[in-house]
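Computed from a predicted model, the values in this text were never measured in an experiment.
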Amino acid sequence: MRKDAPGPGAGLSLVELLASTAVLAILLGLSMPTFSETLRRMRVASAMHQLGAQLAQARNTAITRRTVVTLCPSAGGARCRQDADWSSGWLLYRDPARGDHPRSADDVLAEVRTPFHDSVRVSASAGRLRVRFQPDGRSGGSNLTLKVCSGSELQGEVIVNNVGRARSHRIASGLPCPAS
């Protein structure tokens, strides 16, 4: 008589099942710190990419529409924050009057809310809370530096120069994150 299906003695014993579960638990325990570090790095990289893309969009909008465009940290309700915290989002608006806020809701071109994971914090350099792009794409005044932090460590910076171009770079670990 031929047996196609395994018989009653072909399964795993309880001891084998417990041993394989223990090995799996140990391997997962060893990989978790690496996984959480990778996740943190990915969140920081995503935040830096989002900021760079939004700054490029703001500059291109100013050039193509031939008007002054401002990007500022959002306080919600089409208003700009009065501090340097960009973590909760930003506001892009037409700004021919060069004001601290949009003149009307029609001037708002985009508002991004909660763009980052809670563990990522972004703050602007002292003295420059917003970036204003001229119709030729320039961003006069001093450079704007957006510092990207995860936990208590500075992880990267996105910098807008006077010509209006944004660049970003990662920071070596160990530097403290500036207070916002």
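The two residues Ala47 and Val120 come nearest to each other via the heavy atoms CB-CG1, 3.8 Å. Nearest approach of Arg59 to Gly164, heavy atoms of both residues: CD-O, 3.0 Å. Nearest heavy atoms, Cys72 versus Tyr93: SG-CE2, 3.8 Å. Shown here for Ser74 and Gly76, the closest heavy-atom pair between the two residues is OG-N, 3.0 Å. The shortest non-hydrogen separation linking Gly156 to Met48 is CA-SD, 3.9 Å. In this structure, Leu71 and Trp86 approach most closely via the heavy-atom pair O-CH2, 3.6 Å.
Of the candidates Val112, Asp107, Leu109, Leu109 is the only one forming a side chain to side chain contact (heavy atoms under 4.5 Å, CB included) with Leu92. Paired with Val44 under the rule side chain to side chain contact (heavy atoms under 4.5 Å, CB included), one option of Cys149, Ser119, Ser150 passes, and it is Ser150.
Distance check, rounded to the nearest 0.5 Å: CZ of Arg138 to CG of Asn161 gives 11.5 Å. Rounded to the nearest 0.5 angstrom, Leu175 CG and Gln155 CD are separated by 9.5 Å. Here the CZ atom belonging to Arg113 is positioned 5.0 Å from the OG atom belonging to Ser88, to the nearest 0.5 angstrom. Distance check: Arg43 CZ to Asp118 CG gives 9.0 Å after rounding to the nearest 0.5 Å. Here CH2 of Trp90 is found 4.5 Å from CG of Leu51. Values are rounded to the nearest 0.5 Å. The distance from the CG atom of Leu55 to the CZ atom of Arg167 is 12.5 Å, given to the nearest 0.5 Å.
Atom CZ of Arg170 sits in a crowded spot, with more than 12 heavy atoms from other residues, nucleotides or ligands closer than 6.0 Å. Residue-environment remark: CZ (Arg40) exceeds the threshold of 12 foreign heavy atoms within 6.0 Å. Residue-environment remark: CZ (Arg66) stays at or below the threshold of 12 foreign heavy atoms within 6.0 Å.
His101 places a side-chain N or O within donor-acceptor distance of the main-chain N or O of Cys80, the cut-off being under 3.5 Å. With hydrogens and angles disregarded, a donor-acceptor distance shorter than 3.5 Å links the side chain of Arg130 to the backbone of Asp100. Between the Ser46 side chain and the Met42 main chain, no donor and acceptor come within less than 3.5 Å of each other. With hydrogens and angles disregarded, a donor-acceptor distance shorter than 3.5 Å links the side chain of Arg94 to the backbone of Asp106. Looking at Ser125, its side chain does come within 3.5 Å of a backbone N or O of Thr145 through a donor-acceptor pair.
You'll find the side chain of His169 stays beyond 4.5 Å of the side chain of Val158, heavy atoms only.
Linking Ile, Leu, Val, Met, Phe, Trp and Tyr whenever their side-chain heavy atoms come within less than 4.5 Å leaves Leu154 and Leu146 in two separate clusters. Both Val148 and Leu144 belong to a single network of hydrophobic side chains, linked directly or stepwise wherever heavy atoms of I, L, V, M, F, W or Y lie under 4.5 Å apart. Cluster annotation: Leu91 and Val122 are assigned to distinct hydrophobic clusters (Ile/Leu/Val/Met/Phe/Trp/Tyr, side-chain heavy-atom contacts under 4.5 Å, transitive).
Side chain to side chain, Arg132 and Thr70 meet the donor-acceptor criterion of an N or O pair below 3.5 Å. Checking Gln54 against His49 by side-chain atom types alone, no donor-acceptor pair falls below 3.5 Å.
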Residues Asn143, Asn162; criterion side-chain contact (heavy atoms from CB on, under 4.5 Å); working and verdict: CA-CA 6 Å; Asn143 289 354; Asn162 292 340; 3.6 Å; yes
side-chain contact (heavy atoms from CB on, under 4.5 Å) evaluation trace for Phe133 with Val160: CA-CA 10 Å; Phe133 292 99; Val160 181; 4.2 Å; yes
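Using a 4.0 Å cut-off between charged side-chain N and carboxylate O, Arg121 and Asp85 make no salt bridge.
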